[in-house]
Amino acid sequence: MLEIILCSLVTILPDYLYRRYRQGKRLGREITLFSVWFELRFGIITCFMLAIALITMIFYFHPSTTSATLYYRTVPIVPETTGRVAEVHVEFSAPVKRGDVIFRLDNSRQQAALRTATAKIAEVDAAMLSAQADIMKAEGQLQEAKGSVQQASDELDVKRELQKRNPGIVPQRDIEKLEVTLAGRQGSLDAATASKQAAMVRVSALLPAEKASAEAALAEAQVDLDKTYIRAGVDGRVEQFGLRPGDVVNPMIRSAGILIPEGAGRRSLAAGFGQIEGQVMKVGMVAEATCISKPWTIIPMVITSVQDYIAAGQFRGGEQLVDTQQSVRPGTILVLMEPIFKGGLEGVTPGSSCIANAYTSNHDRIAAKETGAFKGFALHVVDAVGIVHAMLLRIQALLLPIKTLVLSGH
């Protein structure tokens, strides 16, 4: 309607003025309701064609959409294990900080495993003390065996020396007995040495490995125990949390609740524009938006991201071929907008529906030296008609509460 009024000011109105004051035709006489088409046909046709061109130009170079929403990501509260709820530490709706316990599962089994692992470490420590005592005992036995070997060796050397000096003074049978005794005591020495080495290996390798295994089992038991305490991963707010003690939670079936991170939905506005406007949507374009949750307010914004893909065209590989007729509604180009000024989205409820406009700016092309006069004028016209969409957005912002509260059936 606004475009038609503007176009009529430069088409129908001059045509009427020409016929009224130049040709002398009078309204109600020569220009009547039945002759208005014949008398003003040139102005009406020109107005209609100009209005169509103006509307096309405005909607193409300065696109608008009513599909704009402050989307926000929610974090599902999912335990890592299945169990029965023992304690709930938050209400139906409550703020939480990172690390706060939201609820606890029954952990009697995990506590028993933790106590078993702790006892195992104590058992290994006691075995370490016993092994050190065994080393000392083996050291004593080794010294005793060395002494016995030395004694037998010395006695055998004496007997052999006596027999060498005076053959027959020492019976050969005594020398053989001493040799056997020395061999036996040497075996005892070797056994004592091996016993000491075994005790040392037990202290230096076996028992530390057992302790490391016990400590790993303790750490695993502690991790399993910690899994029964479901904590908040980020600062935020738990909403619609209906879990109660006695409920059984299973992470494979459903989450236990929803956590909304702090600041979610207050950074950027996601808007879907028509596919035909994909050629003019660029990062850095100035935009404006008005939201239902914050009426009568225009929020200056800037486009920070333009998605290169249209979600309606995606498919998953499966057992059936995709039929394009299944895509009944054409997809839109997803655009992310952020407020130009800090705190621009304050007061806008996350998830609120909004209306957004984007404005094409050709200032750099107009200022370029290679741009001719006619082309520069045309680009000026393109930029100037953006004020029409800006006016329409402000009219929509003004009428939005009325439309929502009065005309929507309340």
Side-chain angles (χ1 to χ4, degrees), residues 1-18 22 40-68 268-290 298-308 310 330 332-341 344 354-398:
M1 180 61 69
L2 184 60
E3 292 87 350
I4 295 177
I5 293 175
L6 292 176
C7 293
S8 65
L9 294 178
V10 295
T11 54
I12 298 178
L13 181 62
D15 191 7
Y16 168 75
L17 294 177
Y18 172 78
R22 181 68 176 175
L40 304 180
R41 61 186 181 278
F42 298 107
I44 294 174
I45 293 175
T46 305
C47 176
F48 178 76
M49 295 177 62
L50 187 60
I52 294 298
L54 182 61
I55 292 174
T56 303
M57 181 188 302
I58 293 174
F59 278 86
Y60 181 75
F61 289 103
H62 308 285
S64 175
T65 180
T66 57
S67 301
S268 60
L269 177 69
F273 289 90
Q275 298 181 22
I276 196 173
E277 296 151 349
Q279 299 298 319
V280 299
M281 302 304 300
K282 306 294 181 183
V283 174
M285 287 181 63
V286 177
E288 292 180 327
T290 180
I298 301 297
I299 305 173
M301 311 195 79
V302 61
I303 295 178
T304 58
S305 176
V306 179
Q307 187 169 278
D308 295 335
I310 297 176
T332 59
I333 298 173
L334 181 64
V335 173
L336 296 182
M337 304 177 180
E338 294 186 8
I340 296 178
F341 304 105
C354 304
I355 303 173
N357 282 359
Y359 304 103
T360 299
S361 176
N362 297 294
H363 179 269
D364 295 336
R365 297 177 61 185
I366 295 173
K369 295 181 179 179
E370 60 272 12
T371 303
F374 179 77
K375 184 177 181 180
F377 174 76
L379 294 176
H380 269 299
V381 172
V382 170
D383 290 351
V385 295
I387 192 174
V388 178
H389 239 177
M391 293 173 60
L392 291 176
L393 180 64
R394 281 151 177 81
I395 294 174
Q396 288 176 306
L398 182 64

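This one's a predicted model, so the numbers in the text were calculated from it and none came from an experiment.
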How long is the straight-line distance from CD of Gln396 back to OG1 of Thr66, given to the nearest 0.5 Å? 8.5 Å
Answer yes or no: does atom CD1 of Ile276 have more than 12 heavy-atom neighbours from other residues, nucleotides or ligands under 6.0 Å? no
Looking at Asn357 and Ala390, what are the two nearest heavy atoms and their distance? ND2-N, 4.4 Å
Partner residues of Thr65 under the side chain to side chain contact (heavy atoms under 4.5 Å, CB included) criterion, sequence neighbours left out: Ser67, Ala271, Phe273, Ala356
Hey, could you give me the CE/CE distance between Met337 and Met285, rounded to the nearest 0.5 Å? 8.0 Å
What are the two closest non-hydrogen atoms of Cys354 and Leu269, and how far apart are they? SG-CD1, 3.9 Å
Which atoms form the tightest heavy-atom contact between Ala270 and Leu334, and what is the distance? CB-CD1, 3.9 Å
As an exercise, state the distance from CD1 of Ile395 to CG of Leu398, rounded to the nearest 0.5 Å. 8.0 Å
Enumerate, atom names and distances included, each donor-acceptor pair closer than 3.5 Å involving a side-chain atom of residues 377-388, sequence neighbours excluded.
| from | atom 1 | to | atom 2 | distance (Å) |
| --- | --- | --- | --- | --- |
| Asp383 | OD1 | Asn362 | N | 3.3 |
| Asp383 | OD1 | Asn362 | ND2 | 2.9 |
| Asp383 | OD2 | Asn362 | N | 3.1 |

With sequence neighbours left out, the residues meeting side chain to side chain contact (heavy atoms under 4.5 Å, CB included) with Glu338 are Arg267, Ser268, Thr304
So how far is it from Ile303 CD1 to Leu336 CG, rounded to the nearest 0.5 Å? 9.5 Å
Keeping to residues at least two apart or across chains, list the salt bridge (Lys or Arg N to Asp or Glu O under 4.0 Å) pairs with something in residues 48-64. none
Check side chain to side chain contact (heavy atoms under 4.5 Å, CB included) between Ser361 and all other residues, then give those that pass, not counting sequence neighbours. His363
For the side chain of His389 and the backbone of His62, is there at least one donor-acceptor N/O pair under 3.5 Å apart? yes
Decide yes or no for Ile366 and Thr371: does some side-chain heavy atom of the first lie under 4.5 Å from some side-chain heavy atom of the second? no
I need the full list of side-chain hydrogen bond (donor to acceptor under 3.5 Å, both in side chains) pairs touching residues 273-289, with sequence neighbours left out, sorted by first then second residue. Glu288-Tyr359, Glu288-Arg394
Can you tell me how far CZ of Phe59 sits from CG of Leu392, rounded to the nearest 0.5 angstrom? 7.0 Å
Straight-line distance of Thr290 OG1 to Leu393 CG, nearest 0.5 Å: 6.5 Å
